[in-house]
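Written out below as structure tokens is the structure these notes cover.
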Number of protein chains: 2
Amino acid sequence: MQMGRAESGSEIPLQRCADLVIISDTPKGRGVFATSVIPARTVIDVCPVLVLGLEENAKYIEKTQLYHYTYNWPIVDQHGKKKVTQAIILGLGSMFNHSTQEQNVGWERDLKGLVVTYRALRDIPAGEELCISYGARLTFKDADSVVALSEEDEIKQLIQIELD
Amino acid sequence: MQMGRAESGSEIPLQRCADLVIISDTPKGRGVFATSVIPARTVIDVCPVLVLGLEENAKYIEKTQLYHYTYNWPIVDQHGKKKVTQAIILGLGSMFNHSTQEQNVGWERDLKGLVVTYRALRDIPAGEELCISYGARLTFKDADSVVALSEEDEIKQLIQIELD
């Protein structure tokens, strides 16, 4: 599969945490839930990504519902300029609902390997929904944006890696 | 997440086989490989799907590279008519390369649960690439379509479930 170019030679384990289920009839629609305790820092899912072309994205994808599922993805264009396009996350990263207050999953982009890795930001009890913060790409009203996250959190960097 | 409607009450385990890696520099581009033996019938990956709207699909998605990654997905429209739209498979189902001859992974759609389950069609040795047959949706030249699959294969139904 050729969409997006991963750096040569990389061999990336496709880990997924056991004891996850998808439930269809939650107040937020489909959602991913833990069926047993997940310790902090556990890898939840490693998701390959499809990087969308800048032109195709602007011309087509941005006009569809699918756009709400894409992540910002930095690229360098043919003139060496830094641009931001969109990527589709092939895995649970596209299924986690949003929560600022109850966020328990953070993510880290691997631009060379073309994967996003999701990890538990804290111990997650059995039965809890796994939620991420959509951050700057939040495209709907953020009903529970109340608590400011601690800058001291040593794994805060996992939450969202900003563009430089 | 609301794209596509799963039937109420379903709770589906999101299994993924351990010992899988993604390798970027294969002759077919990115591909998924086994790092240890995977016995026949093992669940390889359970992938939630995003069902694309018929209109958005025809107007936008079919004009993009992304279309080559989508799967046929049967739906019933507002007039009760059976139609076929496209779905994006959120997981390894979108990363498996095609092989008719060396196909070792089959898939099964769950239309109500909005997931596709991938299983090993035979014992898969360590180091082998995981490949599916794209079937009727094959959009490029099928270089290795030589061997006819046995109609007797009891798990042939997993390969591709046709529309009725």
Side-chain angles (χ1 to χ4, degrees), chain A residues 1-26 28-33 35 45-48 50-53 55-57 59-69 88-98 112-115, chain B residues 1-26 28-33 35 45-48 50-53 55-57 59-69 88-98 112-115:
Chain A
M1 294 282 188
Q2 299 291 359
M3 213 163 157
R5 282 185 202 162
E7 190 161 85
S8 250
S10 64
E11 180 171 319
I12 301 172
L14 292 163
Q15 295 168 259
R16 173 173 293 171
C17 174
D19 304 319
L20 300 176
V21 291
I22 189 161
I23 299 181
S24 57
D25 57 350
T26 83
K28 292 177 179 176
R30 279 188 286 177
V32 179
F33 290 76
T35 57
D45 204 30
V46 176
C47 302
L50 294 180
V51 180
L52 302 171
E55 275 188 33
E56 280 195 342
N57 183 56
K59 201 167 172 187
Y60 301 115
I61 305 294
E62 282 187 5
K63 295 169 182 166
T64 70
Q65 286 291 316
L66 186 61
Y67 182 60
H68 300 299
Y69 288 81
I88 294 175
I89 309 300
L90 297 173
L92 305 186
S94 294
M95 278 291 112
F96 297 131
N97 285 306
H98 168 77
K112 289 179 179 167
L114 293 180
V115 300
Chain B
M1 294 281 190
Q2 300 290 0
M3 214 164 155
R5 282 185 202 162
E7 190 162 83
S8 248
S10 64
E11 180 172 320
I12 301 171
L14 293 163
Q15 295 169 258
R16 172 172 293 171
C17 174
D19 304 319
L20 300 176
V21 292
I22 189 162
I23 299 181
S24 57
D25 56 350
T26 84
K28 292 177 179 175
R30 280 188 285 177
V32 178
F33 290 76
T35 58
D45 204 30
V46 176
C47 303
L50 294 180
V51 180
L52 303 171
E55 275 188 34
E56 279 196 343
N57 182 56
K59 200 167 173 187
Y60 302 114
I61 304 295
E62 282 187 6
K63 295 170 182 166
T64 70
Q65 286 292 316
L66 185 62
Y67 182 60
H68 301 299
Y69 288 80
I88 294 174
I89 309 300
L90 296 173
L92 305 186
S94 294
M95 279 290 112
F96 297 131
N97 285 307
H98 168 78
K112 288 179 180 167
L114 293 180
V115 301

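The sequence lines fix the lettering, A, B, ..., with proteins before strands; numbering per chain opens at 1. Below, each value reflects all heavy atoms present in this structure, side chains not excepted, and no hydrogens, waters or symmetry copies.
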Indicate the atoms forming the closest heavy-atom contact of [X] with [Y], along with that distance.
X	Y	value
A:Val21	B:Pro13	CG1-CA, 3.8 Å
A:Ile61	B:Ile61	CD1-CD1, 4.0 Å
A:Glu56	B:Thr64	OE2-CA, 3.2 Å

Sub-4.5 Å side-chain heavy-atom contact between A:Leu50 and B:Gln65: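 Not in contact.
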Atom pair [atom1] ([X]) and [atom2] ([Y]), whose distance is rounded to the nearest 0.5 Å:
X	Y	atom1	atom2	value
A:Ser24	B:Leu114	OG	CG	8.0 Å
B:Leu14	A:Cys17	CG	SG	10.5 Å
B:Leu66	A:Tyr60	CG	OH	13.0 Å
B:Ile12	A:Arg30	CD1	CZ	9.0 Å

Let's test your reading of the structure: which of A:Val115, A:Ile22, A:Leu20 forms the most heavy-atom pairs below 4.5 Å with chain B?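 Maximum pair count with chain B is reached by A:Ile22.
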Show your reasoning for whether side-chain contact (heavy atoms from CB on, under 4.5 Å) applies to A:Glu11 and B:Asp25. CA-CA 9 Å; A:Glu11 180 171 319; B:Asp25 56 350; over 6 Å; no
Using non-hydrogen atoms only, which part of [X] is less than 4.5 Å away from chain B: side chain, backbone, both, or neither?
X	value
A:Ile88	side chain
A:Asp19	neither
A:Val46	backbone

Which bit of B:Gln15 is near chain A, if near means a heavy-atom gap under 4.5 Å: side chain, backbone, both or neither?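 Contact with chain A involves the backbone of B:Gln15 alone.
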Please flag which part of B:Asn57 lies under 4.5 Å from any non-hydrogen atom of chain A: side chain, backbone, both or neither.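 Looking at B:Asn57, nothing touches chain A.
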Can you tell me which of B:Thr35, B:Val32, B:Ile89, B:Leu92 forms the most heavy-atom pairs within a distance under 4.5 Å of chain A?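 Most heavy-atom pairs within the cutoff with chain A belong to B:Leu92.
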